[in-house]
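In what follows, a single structure is set out as structure tokens and then discussed.
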Amino acid sequence: LKERLISYGADVITAKAGAIEPIKCDLSFISEAKLGDYVVFTSPNGVKSFFWNLYENVGLDVRSLAGYRFACIGKKTANTLMEFGIKADVISEVQNGKDLALKLNQVMEPGASIYWLCQNNTSEDFENTVSKEHVITKIVCYENVEVECDRDENYLSEIQNCDASIFTSGSNGRFAIKNYGNFLPKDVISIGPACSRTIRELGFEVAAEADISSYEGIVECIFNSYMR
């Protein structure tokens, strides 16, 4: 994201407030595969954390997944899945959960199950759009944990002088607001609805929200709002 913004002429300051870590989760569903069941990933982090659990936590490998089909949000998540030797059966063209759910509703048989590997506070768009004919199990396999933030006076001054803050997840927004609060620029740009809700709950206004919840969507949002 930083490199893309710089290529458009932006000056970018990166403030790391959180880090992705896998968490142990229950993968007992693997042995219960039925014809037409899907394993669903809505982010590359979900893919990586699932396979960390598969290899390190339960001691299995990709052979244990032979009975499942796989669905991914966007090409980036699908490419990450391919790195583990699995080609996604369904890939959403639009980078959001709603589009992926609509595609699954078209191809899945009634009564088939969805095992959704995700973050604990992920967007509800996917879950709310999946047909009630399907059984969905939400499996939290990773989290965004708070990290120690740079509180150097010169660094805080640089943040304060920026035109806008960019938040790529609700948890990152929460951590950044906690640590940088009054130093954050007034304009806040959000990656999508779930992130925006968190920002507003913390008392900040959202100046612009990406139409598509992805880095590409953020770049387009910023370009339309600031760089024309």
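Please read these numbers as outputs of a predicted model, since none were measured by experiment.
- Atom CD1 of I159 sits about 10.0 Å away from atom CG of D152, to the nearest 0.5 Å.
- Residues N144 and S171 bring a donor and an acceptor atom of their side chains to less than 3.5 Å of each other.
- Under the 4.5 Å side-chain criterion, counting only non-hydrogen atoms from C-beta, F204 is not in contact with D187.
- Panel note: side chain S131, backbone H134; no donor-acceptor pair is recorded below 3.5 Å.
- In E158, the CD atom is crowded: over 12 heavy atoms of neighbouring residues, nucleotides or ligands sit closer than 6.0 Å.
- Here K24 contributes atom NZ and S49 contributes atom OG; the two are 14.0 Å apart, rounded to the nearest 0.5 Å.
- Taking the charged nitrogens against the carboxylate oxygens, R4 and E216 do have a contact shorter than 4.0 Å, which makes a salt bridge.
- By the 4.5 Å heavy-atom criterion applied to side chains, L27 and F50 are counted as neighbours.
- With ring centers used as reference points, Y38 lies 6.0 Å or more from F70.
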Applying side-chain contact (heavy atoms from CB on, under 4.5 Å), run through L60 and L65 and close with a yes or a no.
CA-CA 9 Å; L60 297 176; L65 305 173; over 6 Å; no
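- Ionic pairing of K178 and E146 is present here: one or more N-O contacts between side-chain nitrogen and carboxylate oxygen are shorter than 4.0 angstrom.
- Ring orientation note: the planes of F84 and F51 are close to parallel, at an angle under 30° on the 30°/60° scale.
- A donor-acceptor contact shorter than 3.5 Å links the side chain of S64 to the backbone of D61.
- Around the CD atom of E220, the shell of radius 6.0 Å holds no more than 12 heavy atoms that belong to other residues, nucleotides or ligands.
- Hydrophobic clustering (side-chain heavy atoms under 4.5 Å, transitive across Ile, Leu, Val, Met, Phe, Trp, Tyr) groups V47 together with V62.
- Between Y68 and F29, the ring planes are perpendicular. Angles over 60° get that label, and only those under 30° would be called parallel.
- Between D163 and P185, every side-chain heavy-atom pair lies at or beyond the 4.5 Å cut-off.
- Clustering ILVMFWY residues whenever any of their side-chain heavy atoms sit less than 4.5 angstrom apart, transitively, puts I91 in a cluster other than the one holding L102.
- In this structure a side-chain-to-backbone donor-acceptor pair under 3.5 Å is missing from T137 to Y115.
- Grouping the Ile, Leu, Val, Met, Phe, Trp and Tyr side chains by contacts below 4.5 angstrom, directly or via other members, places V40 with V90.
- Counting non-hydrogen atoms of other residues, nucleotides and ligands closer than 6.0 Å to CD of E32 gives a total above 12.
- Within the model, atoms SG of C25 and CG of L117 stand 6.0 Å from one another, a figure rounded to the nearest 0.5 Å.
- A continuous path of ILVMFWY side-chain contacts below 4.5 Å connects F183 to Y155, so both sit in one hydrophobic cluster.
- A pairwise comparison of heavy atoms in T198 and G170 identifies CG2-O, 3.4 Å as the closest pair.
- Side chains of S196 and E209: a donor on one and an acceptor on the other come within 3.5 Å.
- Within a 6.0 Å sphere centred on OH of Y215, other residues, nucleotides and ligands contribute 12 heavy atoms or fewer.
- In this structure, NZ on K48 lies 12.0 Å from SG on C141, to the nearest 0.5 angstrom.
- By the 6.0 Å contact criterion, CG on D211 is open, its count of non-hydrogen atoms from other residues, nucleotides or ligands being 12 or less.
- Across every non-hydrogen atom of T129 and K98, the tightest pair is OG1-CG, 3.7 Å.
- Judged by distance alone, the side chain of S157 and the main-chain N or O of E153 form no donor-acceptor pair under 3.5 Å.
- Looking at every heavy atom in both residues, M108 comes nearest to I114 through CE-CG1, 3.5 Å.
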side-chain contact (heavy atoms from CB on, under 4.5 Å) assessment of I86 paired with M82
CA-CA 5 Å; I86 296 178; M82 194 65 189; over 6 Å; no
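- Looking at N45 and S43, their side chains never bring a donor and an acceptor atom within 3.5 Å of each other.
- Atom CG of D11 is surrounded by 12 or fewer heavy atoms from other residues, nucleotides or ligands within 6.0 Å.
- Counting only N and O atoms by type, the side chains of T42 and W116 include a donor and acceptor under 3.5 Å apart.
- Side-chain contact between I30 and L54 is present, with at least one heavy-atom pair separated by less than 4.5 Å.
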Might you work through the side-chain contact (heavy atoms from CB on, under 4.5 Å) test for I23 and W52, ending with a clear yes or no?
CA-CA 9 Å; I23 56 178; W52 176 84; over 6 Å; no
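- A heavy-atom distance below 4.5 Å is not found between the side chains of R174 and E201.
- The number of heavy atoms from other shown groups lying within 6.0 Å of NZ (K138) is above 12.
- When atom types are taken as modelled, the side chain of D37 and the backbone of S113 share a donor-acceptor pair closer than 3.5 angstrom.
- Shown here for C72 and L100, the closest heavy-atom pair between the two residues is O-CD1, 3.5 Å.
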Check the pair V39, R69 against side-chain contact (heavy atoms from CB on, under 4.5 Å), reporting the backbone distance first and the verdict last.
CA-CA 6 Å; V39 176; R69 295 178 181 177; over 6 Å; no
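- Using a 4.5 Å heavy-atom cutoff, the side chains of I191 and F167 are not in contact.
- Atoms CG and CZ, from L104 and F126 in turn, are 5.5 Å apart once rounded to the nearest 0.5 Å.
- Smallest separation of non-hydrogen atoms from A17 and N172: CB-O, 4.2 Å.
- In this structure, V206 and R200 have side chains that are in contact, with non-hydrogen atoms separated by less than 4.5 Å.
- Here NZ of K76 is found 7.0 Å from OG1 of T80. Values are rounded to the nearest 0.5 Å.
- In the hydrophobic cluster analysis, where Ile, Leu, Val, Met, Phe, Trp and Tyr join through side-chain heavy atoms closer than 4.5 angstrom, L5 is grouped together with I189.
- Looking only at side-chain heavy atoms (C-beta outward), E3 and V12 stay at 4.5 Å or farther from each other.
- The shortest non-hydrogen separation linking S190 to G192 is OG-O, 2.9 Å.
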